[in-house]
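Both backbone and side-chain heavy atoms feed into the values below; hydrogens, waters and symmetry mates do not. Counting convention: from 1, in listed order, for ligands and their atoms alike.
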Amino acid sequence: MNILVLSPHTDDGEYGCGGSIARFVSEGKDVFYVAFSAAEKSVPSEYPQDILRSEVKEATSVLGIKEKNLILLDYAVREFPDNRQSILDDILSLKKEFKPDMVLLPSTCDTHQDHQVIVQEGFRAFKDATMIGYEVPRNNLDFPTNVFVTLNKEQLRLKLKSVECYRSQMGHPASSMEFYECLARVRGTQVGVEYAEVFEAIRWVMK
Ligand SMILES: [Zn+2]
């Protein structure tokens with residue numbers, strides 16, 4: 001089974017679905033991770049502008065993603081709406097290359113302009129695949145909690161370790177390990193286990 005994670009900016013995939021990535025890798029699934037921007041213009045001034053490029057390499061390798069399965073594109077943060085067609089063309093090429101059975105992408109409730117472009121163009125490109133939208137609490141107006149992926153302790157540990165790799169983002173409360181541990185506990189409690197991540201079912205295709 002091929003799984004493709006579409007991450008608008010380098011950290012979104014780890015924050016939104018890092019535990020599920022660790023679980024899928026441990027189950028022998030092939031996971032591909034594409035980040036569309038290393039958000040150079042948003043990096044705090046005390047860090048090198050390209051720091052997110054090295055942080056994403058470290059964070060995805062912690063989750064078990066092979067180096068060759070990590071693709072870093074070069075769109076400017078907050079300018080995805082102006083590059084919509086080119087982003088769709090890139091997604092269509094990725095589809096041809098990886099032939100994913102399941103795509104993890106931002107949810108349809110995400111209000112960040114770059115995230116909205118990825119979910120809209122992602123839907124256009126992958127109408128024939130299962131698509132689930134990951135949770136980004138600080139961006140979401142609302143969130144249908146209708147797909148749960150349960151996590152064991154080790155999978156949560158790997159997610160938190162990958163979150164910790166983003167040292168340049170640590171100043172934000174929604175980028176802390178504590179925040180993601182609490183969220184995993186809340187989502188786990190909803191389905192009677194210790195930890196889970198939750199997703200919006202955008203499309204479910206049983207082949
Ligand atoms: Zn983002």
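Residue-and-atom listing of protein N/O/S atoms under 2.8 Å from the Zn ion (ligand 1), sorted by chain and number: His9 ND1, Asp12 OD1, Asp12 OD2, His115 NE2.
A donor-acceptor contact closer than 3.5 angstrom is absent between the side chains of Glu135 and Tyr15. A side-chain donor-acceptor contact under 3.5 Å links Ser86 and Tyr75.
Under the 4.0 Å criterion applied to side-chain N and carboxylate O atoms, Glu121 and Arg124 are assigned as salt-bridge partners. Taking the charged nitrogens against the carboxylate oxygens, Lys159 and Glu181 have no contact shorter than 4.0 Å, which rules out a salt bridge.
The shortest heavy-atom contact between His9 and His112 is CE1-CE1, 3.5 Å.
Counting heavy atoms from C-beta on, the side chains of Trp204 and Ile132 come closer than 4.5 Å.
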